[in-house]
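Here the structure comes first, spelled out in structure tokens, and everything after it is commentary.
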Amino acid sequence: MSDGPDLYSIADLAREFGISTRAIRFYESKGLIAPERLGATRVFRRRDRARLILILRGKRLGFSLRDISDYLALYDADRGQQVNLLAEKVDERLELLEQQLADLQTTIAELQEIRKLARTRVSPAS
DNA sequence: GTTCTCACA
DNA sequence: TGTGAGAA
């Protein structure tokens, strides 16, 4: 049905996702994942792998580990509230990015204006 | 190979 | 938000 191994070592996941084993341990220390242990050694199941994928996607979208942790914590608890939190954080993020984009566009326009003036005043005719 | 802790940016 | 180093 669903394929792939049932068990993964920390090195397996680090290799698959192109991150360090240190980063994975770091995420665990922050409570984002909670792999089982065989003795002292971490054993990751599909569920842990799935959470890791969500962590990396959240990071890629610019969310903090804290945000991602808050979101993941609701997976086992309140799925309705999880959806609400996600919507709220996504709105926040979009608002910030849109503002940053507008600021960048303003800066770009200023620089382009400066370049235009500089060319007409100090450059040989082209 | 894996674990942990401490220091560091 | 991670990494480096060192010891086990």
Side-chain angles (χ1 to χ4, degrees):
Chain A
M1 299 289 293
S2 50
D3 38 83
D6 286 347
L7 274 13
Y8 302 86
S9 71
I10 192 170
D12 290 338
L13 295 181
R15 190 183 331 107
E16 176 174 4
F17 297 116
I19 60 181
S20 66
T21 59
R22 306 289 311 281
I24 294 174
R25 290 188 197 100
F26 182 72
Y27 300 151
E28 181 184 12
S29 78
K30 294 299 166 183
L32 279 76
I33 47 179
E36 297 168 27
R37 301 289 184 133
L38 268 184
T41 303
R42 292 168 179 83
V43 175
F44 296 80
R45 298 195 172 269
R46 296 184 179 196
R47 163 202 167 87
D48 304 304
R49 183 177 173 278
R51 287 174 71 98
L52 191 50
I53 289 171
L54 289 177
I55 292 166
L56 297 177
R57 181 152 89 116
K59 278 173 45 65
R60 186 165 42 82
L61 295 177
F63 293 102
S64 67
L65 291 184
R66 182 51 172 288
D67 286 340
I68 297 167
S69 177
D70 292 344
Y71 173 77
L72 288 177
L74 293 175
Y75 194 87
D76 313 284
D78 188 336
R79 304 288 269 276
Q81 194 185 338
Q82 187 184 36
V83 172
N84 293 339
L85 177 65
L86 180 61
E88 181 183 325
K89 290 301 177 179
V90 164
D91 281 349
E92 269 182 37
R93 183 75 183 136
L94 274 175
E95 195 170 339
L96 176 61
L97 287 174
E98 284 162 3
Q99 183 58 59
Q100 288 178 335
L101 178 57
D103 290 346
L104 283 173
Q105 286 169 334
T106 299
T107 300
I108 287 170
E110 274 185 52
L111 290 169
Q112 286 173 334
E113 186 61 24
I114 291 170
R115 179 176 62 185
K116 191 169 85 180
L117 292 174
R119 279 177 171 160
T120 63
R121 291 176 191 176
V122 309
S123 295
S126 50

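Labels below follow one simple rule: chain letters A, B, ... track the order of the sequence lines, proteins then strands, and each chain is numbered from 1.
- The number of heavy atoms from other shown groups lying within 6.0 Å of CD (A/Glu95) does not exceed 12.
- Electrostatic pairing of A/Glu28 and A/Arg25 does not count as a salt bridge here, judged by no charged N lying under 4.0 Å from a carboxylate O.
- Between the CD atom in A/Gln99 and the CG atom in A/Leu104 there is a gap of 10.0 Å [rounded to 0.5 Å].
- Of the residues in residues 34-48 of chain A, A/Arg37, A/Ala40, A/Thr41, A/Arg42 come within less than 4.0 Å of DNA chain B through at least one heavy atom, sorted by number.
- Side-chain contact of A/Asp12 with A/Ser9: a donor-acceptor pair under 3.5 Å is present, judged by distance alone.
- One atom, CD of A/Glu28, and another, C1' of B/dT5, lie 15 Å apart when rounded to the nearest Å.
- Inter-residue side-chain proximity for A/Arg79 and A/Val83 is flagged as unmet; no heavy-atom pair is nearer than 4.5 Å.
- At a threshold of 4.0 Å, the pair A/Asp6-A/Arg45 does not count as salt-bridged, since none of the basic side-chain nitrogens sits closer than that to a carboxylate oxygen.
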Given protein heavy atoms under 4.0 Å, the one-letter contact record of nucleotides 1-8 of chain C, with B base, S sugar-phosphate only and - none, is simply BBBBB---

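- More than 12 heavy-atom neighbours from other residues, nucleotides or ligands sit within 6.0 angstrom of CZ on A/Arg46.
- Residues A/Glu16 and A/Leu13 have side chains in contact (heavy-atom distance under 4.5 Å, counting atoms from C-beta outward).
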